Amino acid sequence: MTTKPEPEVVDRASWWTTGQISAALGVSPVLLRAWDSRYGLGPARRGPAGHRLYGPLELQRLRRMTSLVNQGVRAGEAARLVLSEELTPVRSLRRADDIDEAAAKVDLVALPALLDDLLADLGTLAAWTDVLAPVLRRQGRRWQDGDAAFEAEWALTGAIAVALDRHSPRPSLRPAGAPVVLACSATERHMLPLQVLSTVLREAGIPVIFLGEMVPAVVVLRTALRLHPALVMIWSMTSFTADAALLAELARRDIPVRAVGPGWRTAGDRIGAVDNSLEGALRTVRAHVDSV
């Protein structure tokens, strides 16, 4: 397979090594290399040190390939199916429509099945970016238009959270390296975007401690002092839940910390840089993990 030209600097925010892909999918590096040489399901590029680097599309393909092989499909046929089933805007929209409809009906039988299939096929990053986040934005627009279908939003957000928990790789009993600690502010109830980030990081083999919603500041501080994390990320959805004092206290104790989410926008320069997107948060995590 002909690799793409290597840039002078590789942005490693959304790129994974063979070892990380192997750990995430439960597939040996030898088999990954075989799928590359036989079917073209290989890395998109090589890094400055010659490491094979897989991007989101390659991870999506290999996740689907692994799923099909585990179902008993021959490898050659599975590869043909994977390469012919590339995610398109039309297919993405169709899946979004199906999930949106099931949420509107509060169909708690169909929703888990649709979400499990979506996450198994695409992985968390593509599933969230291409399908789930757009559906949630649709629901938000309906709410703004006066169609307050709270039951649909409740059904969908709850089902996504449970599906992410089923899909997320189990944390290692002895993780290699300092963990990334993720926590919502003490009054922040909207934890779903942070849970998505936690799952994406675990898929990439990065140790994560996900503390969840409404985490008291003292719990975040004591956890950080005990674990010596590579980074602490504090999520806030609205300005009412942003706790600048917690960020300042963590920084005062020389604990690497980053504000994440739209709730920090009004805090100004007092809190430093803010990540307002999943991609931005991934870049920040990679930079801190690689520097530890």
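For clarity, every value in this text was computed on a predicted model and none was experimentally measured. In what follows, residues are counted from 1 in the order of the sequence shown.
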State, to 0.1 Å, how close [X] and [Y] come at their nearest heavy-atom pair, and which atoms those are.
| X | Y | result |
| --- | --- | --- |
| A224 | V232 | CB-CG2, 4.0 Å |
| R63 | L119 | CD-O, 3.5 Å |
| M214 | T187 | CG-C, 4.2 Å |

A side-chain contact here means heavy atoms from C-beta on lying under 4.5 Å apart; do [X] and [Y] qualify?
| X | Y | value |
| --- | --- | --- |
| W264 | L247 | yes |
| R253 | L225 | yes |
| L164 | W128 | no |

How long is the gap from [atom1] on [X] to [atom2] on [Y], to the nearest 0.5 Å?
| X | Y | atom1 | atom2 | answer |
| --- | --- | --- | --- | --- |
| R286 | L201 | CZ | CG | 8.0 Å |
| R95 | L115 | CZ | CG | 10.0 Å |
| R64 | R61 | CZ | CZ | 14.0 Å |

Residue pair T124 / T199, side-chain donor-acceptor N/O under 3.5 Å: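 Short answer, no.
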Donor-acceptor pair between S185 and D243 side chains, under 3.5 angstrom: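 On atom types as modelled, these side chains do not qualify, holding no pair under 3.5 Å.
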Connected via hydrophobic side-chain network under 4.5 Å: V215 and I209: yes
Co-membership, hydrophobic cluster, residues I255 and V218, 4.5 Å side-chain: yes
Derivation of the side-chain contact (heavy atoms from CB on, under 4.5 Å) call for V181 and F210: CA-CA 6 Å; V181 173; F210 177 53; over 6 Å; no
Salt bridge (Lys or Arg N to Asp or Glu O under 4.0 Å) assessment of R138 paired with D97: CA-CA 10 Å; R138 283 189 205 176; D97 288 342; 2.8 Å; yes
Side chain to side chain contact (heavy atoms under 4.5 Å, CB included), paired with L125, selected from V196, V200, L197: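 Going through the options one by one, the only one that passes is V200.
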Test side chain to side chain contact (heavy atoms under 4.5 Å, CB included) applied to T18 and V30, L32, D36, the passing residue: L32
Over 12 non-hydrogen atoms of neighbours within 6.0 angstrom of CZ in R226: no
Enclosure of H167 NE2 (heavy-atom neighbours >12, cutoff 6.0 Å):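 It does: H167 NE2 has more than 12 such atoms within range.
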NZ/NE/NH1/NH2 to OD/OE distance under 4.0 Å, K105 and D100: no
